[in-house]
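To start, the structure itself, in structure tokens.
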Amino acid sequence: MLKFIVSMSLLGLGALASQPAFAADKPDTSYLVGGTESEVSLAWLEQLMQRMKTLPEFQAQEARIREAQYLAKGADRAIYNPELGLSYQNAPEDDTYSLSLSQTIDWGDKRAAASALALTQLMLLESDIAIERSRLYAEVLQALVDQSLAQKKLMFVRAQQNYGEQQLQIARQRAEVGDLSQTELNLMELEQASAISELALAQKALLDADTRILARFGRAELPFGSFADRLELPATEVPMPTLTSAGLQLELARLQVNQAKAQAAADPNISLNAEREGSDNKLGIGVSVPLQLRNDYSESIKAAMEAVTAASAQYQSIEMALKQQQQQFNYSLPRLKQSWLDWQQQALVAGRKAAELLGQRWRSGDLSTSDYLTSRRQLASSFQAGLELEAALYQSWLEWMGASGQLPGALPKIAVSQENVQ
């Protein structure tokens, strides 16, 4: 946070310590003292991950996984149960009693096909839920990032407005002694009015960011610390859950072909019969086989095979799109990070010197008020550019890591790397 706060000197805050006699009091710059971002603990990250497990979305996902586990367990059970038959016939001469027991044989191995299909569906669901959670983590972290950046901007704009108010007081005192024209004083007053409106907009932006957090967790304030300096490219050997899900979709389509073939198989039925008619006992055995004369179910198998072709093309399309997105991410992230780090260095050094020089020249009369205000706006734009760079860096990393499903695995590594720094 220090690097950001010190960059407020872009607007001349560093010059406040050497105000001339026009200033009533020496301004407080104690907020410029603090720890660097590398010293900020990421203990909040573990707390956030624990807090997110209590969200309704996580509870619903756990229920869906348990449902799929029960379905997979049930699919591994026998397809057919035995059937017991009892009958009685009343006749004028002899009553007839019969007992039968029949069992359909899973000749087409429907059980194995259903079990493999259910297990794959469970794996696919777990992969899809991992992606959902990754995107949810990205959404929540992006909301926290937006809130943090809105707080930074509000702090900056408030410091700018306070500094502008002090400079306006100096301008009024200079105007009273004839050292500043009325036109220049009006320019200073207009600039201060603009700063007040910017402060209101910054407060509104922070309120919007707070609302997003409040809607998700029921409270607007959550612990958060910057980790922009630890955003790195993921290891190339780490599999992407998004591609894993696409591969499981393809495997699911292939298993559905096997299931269609198993469903089309004719399963024979074997029966045993025992009968007593009067004083005669009879024992019989029977076998029945469905005759697939009117429907051989070949169309179902062909349809399942076409679904494999479609799933294979879909997998190739997803794989190609992911590779392109990964290449763009691998190209943009290091450059965004380096630009942001370069901006930080310039904001801490060049920005402070430029702001101090501008303030000194304006107070000495070597710089006109209009040129002074223009220069201040340029320095303020530089600060805004730095915030936009930081926002773009976070957004690039969170969007890709969230969409590709890699975010839950990457967050603990960031926390570990932070522990190694301290």
Side-chain angles (χ1 to χ4, degrees), residues 46 48-81 104 106-141 216-217 234 238-265 267 297 300-319 321-322 400-412:
E46 183 178 354
L48 176 64
M49 296 176 71
Q50 292 297 326
R51 186 183 296 273
M52 289 189 65
K53 291 180 181 179
T54 64
L55 293 177
E57 292 91 332
F58 271 66
Q59 304 303 318
Q61 291 166 352
E62 292 293 337
R64 288 163 55 196
I65 290 178
R66 290 194 297 271
E67 176 189 6
Q69 289 173 339
Y70 283 124
L71 291 175
K73 185 177 180 179
D76 196 38
R77 295 185 178 274
I79 300 296
Y80 302 109
N81 284 312
T104 301
D106 185 11
W107 199 261
D109 206 4
K110 293 180 174 64
R111 173 182 175 179
S115 179
L117 189 66
L119 286 174
T120 304
Q121 288 173 333
L122 173 59
M123 294 171 60
L124 177 60
L125 177 63
E126 290 174 340
S127 181
D128 287 344
I129 286 178
I131 296 172
E132 290 177 12
R133 290 183 175 179
S134 180
R135 291 172 177 169
L136 183 58
Y137 275 122
E139 177 187 342
V140 171
L141 284 173
R216 175 68 69 180
F217 294 101
V238 176
M240 287 185 289
T242 305
L243 191 58
T244 301
S245 288
L248 287 172
Q249 287 281 8
L250 176 58
E251 180 63 21
L252 193 65
R254 290 170 178 164
L255 290 174
Q256 286 172 338
V257 173
N258 296 337
Q259 187 183 47
K261 292 179 179 179
Q263 293 292 341
D267 294 336
Y297 304 99
S300 299
I301 298 175
K302 292 177 181 178
M305 295 178 67
E306 290 299 327
V308 173
T309 303
S312 178
Q314 181 69 12
Y315 175 82
Q316 294 176 358
S317 175
I318 293 175
E319 183 180 29
L322 285 174
W400 167 251
M401 298 298 288
S404 63
Q406 302 179 84
L407 190 54
L411 292 177

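In this text the structure is predicted, and so the values were computed from the model without any measurement.
Within a 6.0 Å sphere centred on OH of Tyr80, other residues, nucleotides and ligands contribute more than 12 heavy atoms. Crowding of Lys261 atom NZ: a count of heavy atoms from other residues, nucleotides or ligands under 6.0 Å not exceeding 12. Within a 6.0 Å radius of CE in Met123, no more than 12 heavy atoms belonging to other residues, nucleotides or ligands are found.
Under the 4.5 Å side-chain criterion, counting only non-hydrogen atoms from C-beta, Tyr137 is in contact with Met52. Counting only heavy atoms from C-beta outward, the side chains of Asp109 and Asn258 never approach each other to under 4.5 Å. In this structure, the side chains of Thr54 and Phe217 stay at 4.5 Å or more apart for every pair of heavy atoms.
Heavy atoms only, all atoms of each residue included: Met401 and Pro234 are closest at SD-CG, 3.9 Å. Taking each heavy atom of Leu136 and Leu55 in turn, the nearest pair found is CD2-CD1, 4.3 Å. Residue Leu71 comes nearest to Ala118 through the heavy atom pair O-CB, 4.2 Å, listed as atom of the first residue, atom of the second, then distance. In this structure, Ala138 and Gly402 approach most closely via the heavy-atom pair CB-CA, 3.9 Å. Taking all atoms of both residues into account, the shortest heavy-atom contact from Ala130 to Pro408 is O-CG, 4.3 Å. Taking all atoms of both residues into account, the shortest heavy-atom contact from Ala265 to Gly108 is CB-CA, 3.5 Å.
Scored by the salt bridge (Lys or Arg N to Asp or Glu O under 4.0 Å) test, Glu126 finds no partners at all (sequence neighbours excluded). For Asp106, the salt bridge (Lys or Arg N to Asp or Glu O under 4.0 Å) criterion is met by no residue, not counting sequence neighbours.
Residue Gln50 holds its CD atom at 6.0 Å from CD of Glu46, rounded to the nearest 0.5 Å. The structure places CD of Glu139 at 12.0 Å from CG of Leu407, a figure rounded to the nearest 0.5 Å. The CZ atom of Arg64 sits 4.5 Å away from the CD1 atom of Ile129 when rounded to the nearest 0.5 Å. Separating the CZ atom in Phe58 from the CE atom in Met49 is a distance of 8.0 Å, to the nearest 0.5 Å. Taken from CE in Met240 to CD1 in Ile131, the straight-line distance is 10.5 Å, to the nearest 0.5 Å. Here the straight-line distance linking atom CG of Leu119 with atom CD of Gln121 works out to 9.5 Å at 0.5 Å rounding.
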Working note: Asp128 + Leu248, criterion side-chain contact (heavy atoms from CB on, under 4.5 Å); need CA distance, chi angles, decisive distance, verdict. CA-CA 10 Å; Asp128 287 344; Leu248 287 172; over 6 Å; no
Apply the test side-chain contact (heavy atoms from CB on, under 4.5 Å) to residues Gln314 and Ile318: give CA-CA distance (whole Å), side-chain angles for both, the deciding distance (0.1 Å), then the verdict. CA-CA 6 Å; Gln314 181 69 12; Ile318 293 175; 3.8 Å; yes
Step by step, work out the salt bridge (charged side-chain N to carboxylate O under 4.0 Å, His left out) result for Arg216 and Glu57. CA-CA 11 Å; Arg216 175 68 69 180; Glu57 292 91 332; 2.3 Å; yes
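Of the charged side-chain nitrogens involved, at least one lies within less than 4.0 Å of a carboxylate oxygen, so that Arg133 and Glu62 count as a salt-bridged pair.
One N or O on the side chain of Gln59 and one on the backbone of Lys53 form a donor-acceptor pair closer than 3.5 Å. Counting only distance, with no hydrogens or angles, the side chain of Arg111 and the backbone of Ile79 share no donor-acceptor pair below 3.5 Å. Side-chain N or O atoms of Ser317 include none that pairs as donor or acceptor with a backbone N or O of Ala313 at under 3.5 Å. A donor-acceptor pair under 3.5 Å is absent between the side-chain atoms of Ser245 and the main chain of Leu124, judged by distance alone. Under the 3.5 Å distance criterion, the side-chain polar atoms of Ser312 are left unmatched by any main-chain donor or acceptor of Val308. Checked by atom type and distance alone, the side chain of Thr104 never pairs as donor or acceptor with a backbone atom of Asp267 at under 3.5 Å.
Counted by atom type alone, Gln61 and Glu132 present one or more donor-acceptor pairs between their side chains at under 3.5 Å.
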